[in-house]
Amino acid sequence: MVSKRRQSRSEDKESLTEDASETRKQPLSKKTKKFHVHNEVEENDSVFVKLLKTAGLILKTGESQNQLAVDQIVFQKKLFQTLRKHPSYPKIIEEFVSGLESYIEDQGSFRNCLLSCERLQDEEASMGSSYCKSLIKLLLGVDILQPSIIKILFEKLPEFLFENVNSDGINMPRLIINQLKWLDRVVDSKDLTTKIMQLISIAPVYLQHDFIISLPEILGDSQHADVGKELSDLLTENTLLTVPILDVLSSLQLDPKLLTKVRQLVMGKLSSVMLDDLPVIIKFILHSITATDALEVVSELRERLDLEHCILPSRLQASQSKLKNKGWTSSSGNQEDSKDCVVLFFDVIKSAVRYEKIISEAWIKAIENTTSVSEHKIFDLAMLLIIYSTNIQTKKYIERVLRNKIRSGCFEEELLQSTFYIHYLVLKDICPSILSLAQSLLHSLDQSIIFFGSLLYKYAFKFFDTYCQQEVVGALVTHICSGNEAEVDTALDVLLELVVINPSAMRPNAVFIKGILDYLNNMSPQQIRKLFRILSTLAYGKQHEASNHIQDDLHLVIRKQLSSTIFKYKLIGIIGAVTMAGIMAADRSRSFSLTPRRGDLSNEQCTQVTSLLQLVHSCSEQSPQASALYYDEFANLIQGRKLAPKALEWVGQTIFNDFQDAFVVDICVVPEGDYPFPVKALYGLEDYSSHDGIAINLLPLLFSQDFAKDGDRRTSQESHQKSVSPLCLAPYFRLLRLCVERQHNGNLEEIDGLLDCPLFLTDLEPGERLESMSIKERSFICSLIFLTLNWFREVVNAFCGQTLPEMKGKVLTRLKHIVELQRVLEKHLAVTPDYVPPLANFDLETLEVTPHMSAVSAKTRVQGKMGGRKRKADGSKTSSPDRLSKEDNSECDPTPSGRSPLEKELKGKEEKVSVSLQNYHAFFRELDIEVFSILRCGLVAKFILDSEMHTEATEVVQLQPPELLFLLEDLSQKLEHMLTPSVARRIPFLKSKGNRNIGFSHLHQRSASEIAHSVFRLLTPLCNHLENIHNYFQCLSAENHGVVDGPGMKVQEYHIMSSCYQRLLQIFHAFFAWSGFVQPENHNLLYLALDILTKRLKQGEPDQPLEELLSMYLEHTDSVLKAIEEIAGVGVPELINSPTKDASSSTFPTLTRHTFVIFFRVMMAELEKTVKGLQVATAADSQQIHEEKLLYWNMAVRDFSILINLIKVFDSRPVLHICLKYGRLFVEAFLKQCMPLLDFSFRKHREDVLSLLETFQLNTRLLHHLCGHSKIHQDTKLTKHVPLLKKTLELLVCRVKAMLTLNSCREAFWLGNLKNRDLQGEEIISQNSQESTAEESEEDTASQVSKSKAAEDGEVEASDGEQEQESEESDNDSD
């Protein structure tokens, strides 16, 4: 395929050159007219002219083309036959060639012979091709003339090498070389090769380039090897010819060894090549790859290629400006060339990976084998995307590699953004494949992978053209309609981000997004909010004057939904209208800093917002549920977005007055009416002796709704009664307090009377009258309690952040009221079957929610009195192990035979309670995440004032266990919902998602990261509570002498504390098991959280867990030896080089100077355990097994050497003791496990064995010094290890000598006396240095040879010492 392409290109170039000569004839013809008559036939009597004329070719003078009267093949055949049959053959050939030489001495005639001939047209000829070859090329096709013609050409060619191009634009050297291309047959290819290579060596550089490029079109296959060798030599001499030489070598059939040699040469220069030359070089490198070296070559190639540095920043900026701006100046030529080179470079790679499977697989494998995060490049990610688009077979493989890299943090957002920024021109062409990959990643269950897929969509939209942007939006819309909740959320988030950062580009795609409005039925409220926020931002964002059609469509849709008779669509309309109003009324003052009031709304805009909100109010006022949803949505809007001051002022005025008129009455005016129960003002926190107090008019409002009309809750929704439903009490108050809070910067003094005011209720504690009540009266009381609880919950939400002790005390009191009322409610619900409470959460999921009514087993513990864990009814199933552990009561309830008297006494009470409030979770108002700041409260002093505002009494309020359990249960549920992702279930689009999200609508306004940060701020108080509860159980165990159910134990308090303990542990587990901690942006949060825990540990407490953790790590790591080398070779030097005493290793933060002894002991023990467990080598093992084990022992001895030498820095007594104990054990393992291996390996791996022994000898010498150190300091704990260690060292001397003798190398053994030295190597002078026995000797694998009789003496002593060692080993291990 290469030759065909080159042929067409060269022929085109030749024809173009000949055409160019025709257009420039006139000037030259005037110059040569005095020599030749224009357009005349060459007439002379030479054999050359006559034979040509006989064969059918007429030579023309001047600049006229030579004329061919017959077909080219006929001409060559006639000429050949004429010459062959001539009487004077072969002499006639010399005469013919001599005539040619004479004829072409004239430059014009020579040029004519090199240019194409003119074909004389006739009827037959007109049917064929009109193109004819030149005279020279025709003559080269005659075999008997070819050698002589080639000789003439190469003799003439040097005349033109250094001449300028003719005025007619013809380059004579190129024209001459073109005659040699694509010859049907080369008579003497070797001679031709020699001539052309000689020509290349003397030609100018620009002609050298042309001549080299022409080689594949001139030479035959037989000459490829010789030419390849000469070109490779030329490559080393002249780097300017690198590109043409490599281009030619890629087209020749060469020996793989030669290609490998050239490739290695080129690879070394890769980092310094010009960007323009890179495509040809990469093409050659990839062309030379074989299956055996593919991975090696590609790995080296990806390491050396640093493409982002080849493209200058200025070029990048210019290319980006072109992407953003339509205009482009003429000065951008260099940038265009650079971009063309990059595109061409990737085209070469695309072609290689598309047609060569080994290259694509090797490239993927090279990236997969890269483990370090810092080693991953932009080029890696670009290559994976390119291979993904070009090779269908590797798509699954690439997806797997990508997922692993994303999980490990190797491919992060910054790398992906840089990839698109630099290579957007290349990636734009594979946009469909990128979108396909993004779609696949969004189907994952891993949040980090889903996030990466969303980034692919984001950057594809940001960097690609309009068509690709439309495809991106279409793909995101498809995800939204998929039915997978995670996909829907991610796609909406991406669309929302794109709308915010680039609204002008998103606006033309609004028609696709508006189509989603037809599929709102199965979207969650949060998803509906996002969708309307996207559309509203497009309609009312910056430059919204061009979006009037979107505004009109939105108003039309919302009005239609608000006026719908289908209740669900009305609720959707409320959500959409409030979301749109928030965008319209957004405070944009931050975007305009020139004038302080510029961000406020104009009168027209304010009128539009108020009109829209009034429309929502009028359409929802007939339905309490719709009104409550409106208030909740509006409250969420105020809490989450900053509204313009005008809009906030209008809302505040209307809300405050309406709430006071609807729900607040004077306390002195007791409601009168035909109520079934006596009305009382209850749960007031102040002594309202005066007549200026207020109360919440709850019971009368509920009575007017339930008793005054004969209908249920749904009938009241459809009524046209103007009175406000008590359902709206809690939502309305939430809206009021958020509005006041935003207007007054968190100060709630204006409404603080609602915190302590009483409610008009009746006696709620069930007494004897409970059994005599009618079902309707019981239901009324239950509804009253539910509404009261929800009021208190919202009050706690509102005032939990107040800092005054008085306010804190009141909040704690309200929390206590909540816990008390829940116990009362359980009693009422137990005797009120089939009761449906009033709604408290008004999202779409609550339309068909009913509580589970199945009875609870009599074994269920008392939840009212004990305030413990709540058990789900049998109808509520879950697959979560954590949830099962929470609901399983077996751990708290002993077996029946083992019941304590107190538990038997309570058994009757337990059987009466059969209701779990967990089943009514959807009917309670949600606690805000800020409520848990109450966990920080200690003792709070609450002042009771008299009528003259003087302190009458002081009451100390504290968070009690029941209230603590209430808060911990709620926090645990929130964390389980937000930080513990459930297994994503693919739900059909037209099916319901269920009610998993009910009761967490406010929580969904925040991200998982925000929740994690909130819990982080609570870690200190949570730790305090955990420690207090732990101390409680410690004291309880001490008081009862370890008996859990002693006679003096308070069972109810015990169960509450147990439940608190369990909930605290669940909270810690949910927080620290959050999958978001794997993301780099959350690493700092994790480190800070762990730091809080470590600071609470007392010095010495972490030692045992650290030792167990380190042992567990080394036991389960892939390579114990590598792990030990990393800790001892990287972590310990970091610790040594740290400037402060309390510093730690940056790689291993738990490695400090205090914990070093733990690390040292564990590493020495695991090293000895590892080598001891290695199977002993035998002579029957294969050579490969011997080599592997020898390599293993080299690593083990290197680790041992690193550890032993640490005693020079850390010379404390515990470290030295560990070194003596485990040093001897390691030497014993070396004797038993390694020495047999050395027996077999010495002959074949002599140098390796000697190196191993030399390293080990240095370690044993240090152990000998340690023995001397122990004797000097007379430390009995250390010295008791010395005898056994020395005898083990003696045995090692004898064993090494035996190994050398076995391998006929006894002369390598040298034995001498060792001087006693301390740990620093200083000689110990106090002893006689000459006193020496074999027990103080050891081997030395020196290069010099010596012998000594002392070796035999050592053998005897060693054999005796071995038995002594075994007898004392047990005592030694006990140390």
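Nothing here was measured: the structure is a model prediction, and the numbers come from that model.
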Looking only at non-hydrogen atoms, find the nearest pair between [X] and [Y] and report the distance.
X: S783; Y: Y835; answer: OG-OH, 2.7 Å
X: L754; Y: V795; answer: O-CG2, 4.2 Å
X: C728; Y: V724; answer: CB-CG1, 4.0 Å
X: I1011; Y: L975; answer: CG2-CD2, 3.8 Å
X: P838; Y: F923; answer: O-CD2, 3.6 Å
X: M523; Y: I528; answer: O-CD1, 3.7 Å

Quick one: do K816 and E963 satisfy salt bridge (charged side-chain N to carboxylate O under 4.0 Å, His left out)? Show the steps, please.
CA-CA 6 Å; K816 182 179 179 182; E963 292 81 50; over 6 Å; no
Should [X] and [Y] count as side-chain neighbours, where that means a heavy-atom distance under 4.5 Å?
X: Q802; Y: K810; result: no
X: L968; Y: L1022; result: yes
X: F659; Y: L736; result: yes
X: R529; Y: P525; result: yes
X: I751; Y: F656; result: yes
X: D632; Y: R925; result: yes
X: L1064; Y: H1025; result: yes
X: I1056; Y: P962; result: yes

Mind checking the [atom1]-[atom2] spacing from [X] to [Y]? Nearest 0.5 Å is all I need.
X: E741; Y: Q639; atom1: CD; atom2: CD; answer: 8.0 Å
X: L815; Y: C800; atom1: CG; atom2: SG; answer: 10.5 Å
X: R734; Y: I638; atom1: CZ; atom2: CD1; answer: 10.5 Å
X: E1053; Y: S1058; atom1: CD; atom2: OG; answer: 10.0 Å
X: L787; Y: L701; atom1: CG; atom2: CG; answer: 9.5 Å
X: I696; Y: F663; atom1: CD1; atom2: CZ; answer: 8.5 Å

Does atom OH of Y569 have more than 12 heavy-atom neighbours, drawn from other residues, nucleotides or ligands, at distances under 6.0 Å?
no
May I ask you to check whether over 12 heavy atoms, not counting those of I775, lie within 6.0 Å of atom CD1?
no
Given 3.5 Å as the limit, does a donor-acceptor pair link the side chain of [X] with the main chain of [Y], or not?
X: S972; Y: I1067; value: no
X: Q705; Y: L702; value: no
X: E777; Y: S774; value: yes
X: D752; Y: L748; value: no
X: H828; Y: L764; value: yes
X: N841; Y: A922; value: yes
X: S623; Y: A626; value: yes
X: R814; Y: L755; value: yes

Near-ring test F842/Y630, centroid separation under 6.0 angstrom:
no
Ring centroids only, cut at 6.0 angstrom: are F924 and Y920 within range, meaning strictly under it?
no
Side chain to side chain contact (heavy atoms under 4.5 Å, CB included) evaluation trace for Q1005 with Q526:
CA-CA 8 Å; Q1005 306 294 322; Q526 185 67 4; 3.3 Å; yes
For side chain to side chain contact (heavy atoms under 4.5 Å, CB included), just list the numbers for L520 and Q561, CA-CA rounded to whole Å, side-chain angles, deciding distance to a tenth of an Å, and then say yes or no.
CA-CA 11 Å; L520 294 175; Q561 290 172 335; 3.5 Å; yes
[X] and [Y] ion-paired at < 4.0 Å:
X: E621; Y: K570; answer: no
X: K974; Y: D928; answer: no
X: D970; Y: R1063; answer: no

Should E926 and R793 be marked as a salt bridge (charged side-chain N to carboxylate O under 4.0 Å, His left out) after you check the CA-CA gap, both sets of side-chain angles, and the distance that decides it?
CA-CA 8 Å; E926 182 181 357; R793 280 173 169 258; over 6 Å; no
List the steps and the verdict of side chain to side chain contact (heavy atoms under 4.5 Å, CB included) for F760 and V665.
CA-CA 9 Å; F760 278 131; V665 295; 3.3 Å; yes
Hey, can you tell me if F1000 and H977 have their rings parallel, tilted or perpendicular (30° and 60° cut-offs)?
parallel
Parallel under 30°, tilted from 30 to 60°, perpendicular over 60°: which one fits the rings of Y631 and H617?
tilted
If we ignore angles and hydrogens, is there a donor and acceptor under 3.5 Å between the side chains of Y683 and T788?
no
Stepwise side-chain hydrogen bond (donor to acceptor under 3.5 Å, both in side chains) test for S627 and Y732
CA-CA 9 Å; S627 297; Y732 215 148; over 6 Å; no
I934/L959 under side chain to side chain contact (heavy atoms under 4.5 Å, CB included): CA gap, chis, key distance, verdict:
CA-CA 8 Å; I934 299 175; L959 187 64; 4.2 Å; yes
Applying side-chain hydrogen bond (donor to acceptor under 3.5 Å, both in side chains), run through Q918 and Q973 and close with a yes or a no.
CA-CA 11 Å; Q918 183 66 34; Q973 290 175 4; 3.0 Å; yes
Under the criterion salt bridge (charged side-chain N to carboxylate O under 4.0 Å, His left out), I'd like the reasoning laid out for E930 against R936: C-alpha separation, chi angles, the key distance, then a yes or no.
CA-CA 11 Å; E930 291 80 10; R936 296 190 179 93; over 6 Å; no
